[in-house]
Novice: 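Provided herewith is a single structure, encoded as structure tokens, for subsequent inquiry.
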Amino acid sequence: MKKYDHKKIEKKWAKDWEEKGIYKTSEDSDKEKFYILDMFPYPSGAGLHVGHPKGYIATDIFARVKRMKGFNVLHPMGWDAFGLPAENFALKNKEHPRTSTEKNIATFKEQLGKLGFSYDWDREINTTDPKFYKWTQWAFIQMFKKGLAYESYEPINWCPSCKTGLANEDLENGRCERCDSEIEKKPMRQWVLKITDYAERLLQDLDKLPNWDKSIKEMQRNWIGKSEGARIKFQIKDLEKEIEVFTTRPDTLFGATYMVLSPEHKLVEELKDQIKNWEEVEKYQKESQKKSEIDRLDLTKEKTGVQLKGISAINPAVVRSEGFRANNEEIPIFIADYVLSSYGTGAIMAVPAHDERDNEFAIKYNLPITQVISSQTDEENKVYTGDGELVNSAQFDGLSSEEAKQKITEFVGGKLTTNYRLQDWVFSRQRYWGEPIPIIHCEKCGAVPIPEEELPIELPDVKNYEPTGTGESPLAGIDEWVNTACPKCGGEGKRETNTMPQWAGSSWYYLRYIDPKNDKELISKDKDKYWSPVDFYVGGAEHATRHLIYARFWHKFLFDIGVLNYDEPFERLQHVGLILAEDGRKMSKRWGNVINPDEIVEIFGADSMRVYEMFMGPFSQSGSWSTNGLVGARRFLEKIWKISENLTKTSLQSKEVRPNISDRKCFRKEDSKSGEDLIRELHKTIKKVEEDIEEFKLNTAVSSMMKLVNVIEENPKPSVGQKKNISKESFEVFLKILAPFAPHITEEIWNQLGHTNSIHLEEWPKYDAKLAKDDTYMIAIQVNGKIRSEVEIKAGTSEKDLEKVVLADEKIQKWIGENKVKKTIYVENKLFSIVI
RNA sequence: GCCCAGGUGGUGGAAUUGGUAUACACGCACGACUUAAAAUCGUGUCUCUAACGGGAUGCGGGUUCGACUCCCGCCCUGGGCACCA
């Protein structure tokens, strides 16, 4: 018997497929299209580990099935190659990010090449390719022209010792991870995209996406964070200044007993001369800069704040209610870090009777707590955050919260508004390795976009990747590049030296695969019409909010300016769970627990790895790698190899016409004595595998095929001396459903069985619905919810007939005894329950 | 802390979505083959009990003839929290 030599087989067929180009996508628009996409990888220097391909394997299986079902499939791959690691690598090793990136891509591509993926590499894209980022820059210019890109001073984390901006991830307890210096917030001129203009649509259109994971939609809803409320202005006493607050509870306005500004609020600076305890205030502002938003919002941490002494605000509702002027008309103003400048107006009215945080703060600083919504509990100082009937609210007493929200807002000249937690997107980085922002600054004309015909603005080479010390990008040091003419007036201009964030290219890359060579436009109308949207998008759950919201935003924008025909990019979305190392931690160089797929492919073969990764567990769940577990997948393939060996020995003499798989005759009874059972099992398996793949339950698809193989092995041989336990035709049907999972071994066996075409170009087998069902069932019999016996029935037995059999059952009679049967319940073909 | 997932044998997991809990696989034990080992094949493998039976799906309660599944309250683990990719 020949050995299952995976190395030889896998190499042979990988070469063959490439030569024949069997996975090339066509533009044949008569066929129905299917666009299935993986989130493209960042080609890091570390290469692939066994976790990366999990999602790629699953989409590859799906793509292969769709091809077999006759779809024109687009299944491409590319590289998200701008980003910080390449730049840091360049800093250390003085190697241009372009060269290190190219090397990494080559490594990734070689590794992926061993895993049997059916990508159409003619459509490969790379975000760092000027031909690609020309269109990233083009899209930015369109946004600029529509007023969606603007400049603003935004705070960044600044390390005064490294003289560079830092990501939140590079911080450790508010200190620089590298040099341990304390971080400052430094305002930096930034380009910002007005994604908030799209907040409502991004939220509403989630309803158009029934085939997205519910949890991801929920996370996006919360990220967008819509809340209805009002903006209300509070006068500062004796001064010509106002504080505007956003509140979701204007109905509780009479209960506002103090106000809080975020420490960064610009009024604080403006009121410097009136604030008597300025030193204390300034100190608090500095302290709060060090805290992250997460710390500031932590409900378990004790609230802190400082009163702005010397000034106070007037509660507009109280002051306007004649005869109601109590001592709570004038209220103190605080700054406290539990109020964020990025949310609402950066200022709140505090209602300690009806808000948890305000309540905690009020108790700590001994501030009055005025109940204005009646609640069931009469407990003093108890927070009640629900709606209810107004009390202590002058002429509004007795109204419901809902009515009062509108009436009180009106009464004080406020405005009912909607607020979103979503913030505008800071879209510039003071880095080298990113897309140059195509803007020229002119003293006369301001920020001027570069004329479209001059795109792309290529990233120039720099001598030095070191931070400039001013926080500007290394590009700022290249005078001959920076200094240029203003495209509008021809006068002196300076190029924008900020680059785009790594998210830019990934916000629209999926469109480029559709039309990768188009030099005239981002995408041609016809191709967009045929291929869009992406039918199925698979990737990590860590992208649930940012990447997926950014991409939806760009897509909607491109739709609005007429580039695209539909306003949602991804029809179906599925997230992939991580593969952790055997020790349960993330795979990382740092822990020394990385498993390289090259080794696995070498020892066990790509097919075994593919089958194992799908079999590990539910696709979206993370789990630990186990090389032991992989052995099971390998054994499964070896069993199949063995069955095929027996087949080729004994059955090749029977020359068959190509079987018509929908014809039940092709599963011949002569398979064996129990051929009928085997045929049923085969049809059940086709059905199960097909349905499971559609639902992305790839683990149970594999297990059902394993079951079938066990049945084939157990199946008695038809006669002495003959080793065949399944007919060639039936086995070939099985091979076809296995082919998407294990493309190499199935192709090899298919070839050995005498076929000259590729199994991957075969049609997906159709199952016979009648044969995919059992003809007898075991019915469990319960008495008062406990299983007491079981009976076998033929399919189609009526409930009445079954009841007779059940009640005649000795064991059941014993359990019923003298009791009366109150009720019976029949679950078809499963269970019969008796209640006594 | 907030948002989103998840918790089932020694291990990864299955369970037609309220209907026989532990499919499939790994591991382990015993047996067959072998001079021997590996590989392969076969048998067994949640737990208590001599048995009849009983108990188990993170913990505590509830709804139901019936709960891994639904509801309430806890505990633990993972992902995200806006400059990681």
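Heavy atoms only: backbone and side chains are in, while hydrogens, waters and symmetry mates are out. Order of the sequence lines fixes the chain letters, A, B, ..., with proteins taken first and strands second; residue numbering starts at 1 for each chain.
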Novice: State whether a side-chain donor-acceptor pair under 3.5 Å links A/Thr196 with A/Asp424.
Specialist: yes
Novice: Considering Watson-Crick and G-U wobble pairs with both distances under 3.5 Å, what does B/U43 pair with?
Specialist: B/A29
Novice: Whether A/Lys684 engages the ring of A/Tyr767 as a cation-pi pair (distance to the six-membered ring centre under 6.0 angstrom, angle to the ring normal within 45°) should be assessed.
Specialist: no
Novice: Could you check how far NZ of A/Lys823 sits from C1' of B/G66, rounded to whole Å?
Specialist: 10 Å
Novice: Which comes earlier along RNA chain B counting from the 5' end, the contact point of A/Lys688 or that of A/Met706, where each point is its nearest nucleotide?
Specialist: A/Lys688
Novice: How is A/Ile825 classified with respect to the nucleic acid when contacts are heavy atoms under 4.0 Å: base, sugar-phosphate, or nothing?
Specialist: base
Novice: Output yes when at least one side-chain N/O atom of A/Lys786 is less than 4.0 Å from OP1 or OP2 of B/G55, else no.
Specialist: yes
Novice: When we call it a touch if two heavy atoms are under 4.0 Å apart, what does A/Asn699 touch: a base, just sugar-phosphate, or nothing?
Specialist: sugar-phosphate
Novice: Look up atom OG in A/Ser262 and atom CG in A/Leu340, then write down how far apart they are to the nearest 0.5 Å.
Specialist: 7.5 Å
Novice: Looking only at the side chains, is there a donor atom on one of A/Thr127 and A/Trp79 sitting less than 3.5 Å from an acceptor on the other?
Specialist: no
Novice: Any sub-3.5 Å donor-acceptor pair from A/Lys773's side-chain atoms to A/Arg680's backbone N or O?
Specialist: no
Novice: How far apart are the closest heavy atoms of A/Tyr612 and A/Ser624, and which atoms are they?
Specialist: OH-O, 4.2 Å
Novice: For B/C52, which nucleotide is its Watson-Crick or G-U wobble mate, given both distances must be under 3.5 Å?
Specialist: none
Novice: Between A/Asn498 and A/Ser473, do the side chains contain a donor N or O and an acceptor N or O under 3.5 Å apart?
Specialist: no
Novice: Kindly say if A/Arg635 contacts the phosphate of B/A39, meaning a side-chain N or O under 4.0 Å from OP1 or OP2.
Specialist: no
Novice: Can you tell me whether the side chain of A/Lys830 and the base of B/U16 have a donor-acceptor pair closer than 3.5 Å?
Specialist: yes
Novice: Looking only at heavy atoms, what is the nearest atom pair of A/Trp641 and A/Tyr4, with distance?
Specialist: NE1-N, 3.4 Å
Novice: Can you measure A/Ile816 atom CD1 to B/C65 atom C1' for me and round it to whole angstrom units?
Specialist: 13 Å
Novice: Rounded to the nearest Å, what distance is computed from the CZ atom of residue A/Arg585 to the P atom of nucleotide B/G79?
Specialist: 13 Å
Novice: Could you give the distance separating B/A14 and B/G7 at their P atoms, to the nearest angstrom?
Specialist: 9 Å
Novice: Report the base-pairing partner of B/G6 (Watson-Crick or G-U wobble, both distances below 3.5 angstrom), or none.
Specialist: B/C76
Novice: B/G31 and B/A50: how far apart are their C1' atoms, nearest whole angstrom?
Specialist: 27 Å
Novice: What is the nucleic acid contact for A/Val827, judged by heavy atoms within less than 4.0 Å: base, sugar-phosphate only, or nothing?
Specialist: base
Novice: If you check the A/Asn222 side chain, which of B/G19, B/C4, B/C24 turns out closest?
Specialist: B/C4
Novice: I need the CD-P distance between A/Glu713 and B/U40, as an integer number of Å.
Specialist: 11 Å
Novice: Provide the Watson-Crick or G-U wobble partner of B/C24, both distances under 3.5 Å; none if there is no partner.
Specialist: B/G12
Novice: Which nucleotides of nucleotides 80-85 of chain B have their base under 4.0 Å from a protein heavy atom (B), which only their sugar-phosphate (S), and which neither (-), written as one string 5' to 3'?
Specialist: SBBBBB
Novice: How many angstroms lie between CH2 in A/Trp815 and OG in A/Ser789, if you round to the nearest 0.5 Å?
Specialist: 11.5 Å
Novice: If you take atom types as modelled and just measure distance, does the side chain of A/Ser626 reach the base of B/C26 with a donor-acceptor pair under 3.5 Å?
Specialist: no
Novice: Looking only at the side chain of A/Gln621 (C-beta and beyond, no hydrogens), which of the listed nucleotides B/G13, B/C24, B/G19 gets closest?
Specialist: B/G13
Novice: If pairing requires Watson-Crick or G-U wobble contacts with both distances under 3.5 Å, which nucleotide is the partner of B/G1?
Specialist: B/C81
Novice: On RNA chain B, compare the nucleotides closest to A/Glu218 and A/Asn829; which residue's is nearer the 5' end?
Specialist: A/Glu218
Novice: Between B/G13, B/C41, B/G78, which nucleotide gets closest to the side-chain atoms of A/Lys639?
Specialist: B/C41
Novice: Need the pair for B/C70. Rule: Watson-Crick or G-U wobble, both distances under 3.5 Å, any strand; none if unpaired.
Specialist: B/G62
Novice: Return the nearest nucleotide to the side chain of A/Ser215; candidates are B/G27, B/U20, B/C4.
Specialist: B/C4
Novice: With respect to the side chain of A/Lys707, which nucleotide from B/A23, B/G54, B/G13 is positioned closest?
Specialist: B/A23
Novice: Can you identify which nucleotide, out of B/G78, B/U20, B/A23, has its nearest atom closest to the A/Leu831 side chain?
Specialist: B/U20
